[in-house]
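Following this message is one structure expressed as structure tokens.
So that the names make sense, note that chain A is the first sequence line, chain B the second, and so on, each numbered from 1.
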There are 2 protein chains.
Amino acid sequence: MARAASTKGNTRIQRQKTTQILDAALEVFSTYGFRGSTIDQIAAQAGLSKPNILYYFDGKEAIHGVLLDRLLHTWLEPLEHLGESENPVDEICAYVTRKLEMSRDYPRESRLFANEILQGAPNILAELQGPLKSLTDEKCRLIQSWIDAGEIAPLDPHHLIFSIWSTTQHYADFDVQVKAVLGASTTDRFETAQTHLDHLFRSMLTPRRTDGI
Amino acid sequence: MARAASTKGNTRIQRQKTTQILDAALEVFSTYGFRGSTIDQIAAQAGLSKPNILYYFDGKEAIHGVLLDRLLHTWLEPLEHLGESENPVDEICAYVTRKLEMSRDYPRESRLFANEILQGAPNILAELQGPLKSLTDEKCRLIQSWIDAGEIAPLDPHHLIFSIWSTTQHYADFDVQVKAVLGASTTDRFETAQTHLDHLFRSMLTPRRTDGI
DNA sequence: ATGCACCCTGACCATTCGGTCAAGAATTTT
DNA sequence: AAAATTCTTGACCGAATGGTCAGGGTGCAT
């Protein structure tokens with residue numbers, strides 16, 4: 001009787017249609033942003049009628065909300081795994097690689113996040129200030145301990161993480177620009193980017209014998 | 001008689017109002033994107049009536065177009081100056097600094113650009129493939145010559161430029177996130193970022209004696 | 001001060017958008 | 001197979017949005 005509030009997918013059809021809708025919504029929202037997207041666009045993308053969309057979700061905002069929730073989980077996961085093996089430099093470079101792979105494999109999620117942040121993060125500000133900040137601070141302490149032990153070069157952990165986020169996500173969010181300037185195929189772009197970023201962060205992190213220039 | 005097509009500012013009032021409108025539009029467009037912004041919002045931001053806005057501009061798209069035109073010029077300018085002095089490493093680091101200052105001083109322009117690219121650059125794709133690609137390719141040849149001369153470490157010039165763009169613009173486009181994680185004041189944020197990025201690119205660019213890991 | 005070009009706006013229009021609803025179609029349960 | 005539940009949609013609604021226009025106000029040169 002009661003309509004499926006959000007992801008309440010119990011029946012076979014419910015599961016199929018909700019994922020179908022969410023996939024279409026991700027496509028649309030990640031391209032046009034929340035206010036720039038319409039339910040009709042999502043419906044067309046999903047191959048469903050508008051009322052049918054609204055049968056499964058309580059409204060445009062509800063769909064967007066579900067996408068953001070899932071996104072935050074996916075987005076934080078790689079960072080949580082940082083620091084589970086031994087070599088700090090390899091550890092951080094592995095994180096860079098993982099983030100770059102996510103830009104390659106989940107560009108829509110990256111753009112959805114970028115759109116949300118660009119507009120001032122009206123829906124996820126609390127998550128940024130809470131869970132994201134906590135996790136980031138924790139990993140920064142870990143990085144700082146590596147610095148104190150002399151295992152990596154001294155640098156600002158927070159800004160290091162910002163550099164990792166920005167350089168890797170750039171290949172998803174600014175893909176059109178990268179494509180326009182580079183003109184290479186997708187695999188080529190990401191392969192050369194991988195080599196470059198690995199070199200970048202490795203040369204930055206590896207401690208030098210002499211600290212002077 | 002004929003209405004001012006775009007920036008046709010001849011009269012005193014025309015000049016004043018058009019800049020007033022463009023400033024308001026920049027504020028709104030950079031926050032909500034093109035499709036997410038309304039003329040009413042721009043009017044309210046500018047302190048003018050909606051018909052008054054449309055008296056000076058031929059429509060929502062025309063305003064957006066003027067902003068994008070000006071933006072592209074402003075945006076390419078720093079890159080054009082790359083390579084006018086001697087020391088390559090200092091030269092590139094100066095470019096990084098300049099770009100970071102632009103993120104600090106013109107965050108709205110940066111976000112406007114990000115919004116446009118995120119949505120697939122529907123209005124400036126030609127500019128990206130033309131002028132931007134030409135200028136970038138030219139500067140990449142310059143960087144390559146520095147590499148060949150052994151003045152900077154060997155790396156992919158295109159990806160180097162992408163890294164510069166992404167790391168610097170991050171502080172404008174993702175400001176909310178940076179603020180949430182860092183919690184520092186604006187000047188603090190940009191000062192520490194400046195130190196960090198200078199260190200990052202300097203350590204990356206400075207050639208090492210031994211090329212091995 | 002008066003004529004003229006420039007400037008401004010309330011009222012209005014067509015379209016689009018988010019969302020509803022009743023009634024019919026499909027599916028599952030019994 | 002019939003009943004019960006779930007699914008689907010055409011038609012519709014009120015609000016918002018981009019844009020128009022006639023008419024009145026304002027500034028300025030002569």
Can you measure B/Asn52 atom CG to C/dG10 atom C1' for me and round it to whole angstrom units?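 Result: 13 Å.
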Rounded distance (Å) that lies between atom C1' of D/dC7 and atom CD of A/Gln20: 13 Å
Do A/Leu142 and A/Glu138 touch side chain to side chain, with heavy atoms closer than 4.5 Å? no
Side chains of A/Leu182 and B/His159: closer than 4.5 Å at any heavy-atom pair?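 The answer is yes, as the side chains (C-beta and beyond) meet within the 4.5 Å cut-off.
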Value in whole Å for how far the C1' atom of D/dT8 lies from CZ of A/Phe57: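 After rounding, the gap between these two atoms is 16 Å.
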For A/His64 and A/Phe34, take the angle between the two ring planes, folded into 0 to 90°, and tell me which bin it lands in: parallel under 30, tilted 30 to 60, perpendicular over 60. tilted
When you measure from the side-chain N and O atoms of B/Tyr56 to the phosphate of C/dC8, is any distance below 4.0 Å, counting only OP1 and OP2? yes
Using a distance-only criterion (donor-acceptor N/O pair, under 3.5 Å, no hydrogens), is the base of C/dG18 paired with the side chain of A/Lys50?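 A donor-acceptor contact between them is present.
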Expressed in angstrom and rounded to an integer, what is the separation of B/Arg15 atom CZ from D/dG27 atom P?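 It works out to 17 Å between those atoms.
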Under 4.0 Å between a side-chain N or O of B/Arg12 and OP1 or OP2 of C/dC6? no
Side-chain donor/acceptor pairs under 3.5 Å, residues 125-135 of chain B, sequence neighbours excluded:
unit_1: B/Lys133; atom_1: NZ; unit_2: A/Val181; atom_2: O; d: 3.1
unit_1: B/Lys133; atom_1: NZ; unit_2: B/Asp137; atom_2: OD2; d: 3.0
unit_1: B/Ser134; atom_1: OG; unit_2: B/Gly130; atom_2: O; d: 3.0

DNA chain D-proximal residues of residues 38-49 of chain B, any heavy atom under 4.0 Å: B/Thr38, B/Ile39
Are OP1 or OP2 of D/dC7 and a side-chain N or O of A/Tyr55 less than 4.0 angstrom apart?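 Affirmative; the distance criterion is met.
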Length of the CG-C1' vector between A/Leu54 and D/dC7, whole Å: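 So the CG-C1' distance, A/Leu54 to D/dC7, works out to 14 Å.
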May I ask you to decide if the ring planes of B/Phe162 and A/Tyr171 are parallel, tilted or perpendicular, using 30° and 60° as cut-offs?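 Rings of B/Phe162 and A/Tyr171: perpendicular, as their planes differ by over 60°.
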To the nearest Å, give me how far apart NZ (A/Lys17) and C1' (C/dA26) are. 10 Å
Do B/Leu205 and B/Leu155 have side chains that approach each other closer than 4.5 Å (heavy atoms only, starting at C-beta)? yes
At under 4.0 Å, does any side-chain N or O of B/Gln14 touch on OP1 or OP2 of C/dC6? no
With a 4.0 Å cutoff (strictly under), does any side-chain N or O of A/Arg35 reach OP1 or OP2 of C/dC17? no
Do any N or O atoms from the side chain of A/Lys139 and from the backbone of A/Leu82 form a donor-acceptor pair under 3.5 angstrom?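 Side chain of A/Lys139 to backbone of A/Leu82: a pair is present.
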B/Pro51 side chain, from C-beta outward: closest of D/dT20, D/dA11, D/dT8: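 Nearest to the side-chain atoms of B/Pro51, counting from C-beta on, is D/dT20.
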Length of the NZ-P vector between A/Lys60 and C/dG19, whole Å: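 Rounding to the nearest Å, NZ of A/Lys60 and P of C/dG19 are 8 Å apart.
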How many Å lie between CZ on B/Phe34 and P on D/dT17, as a whole number?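 Nearest whole value for this atom pair: 14 Å.
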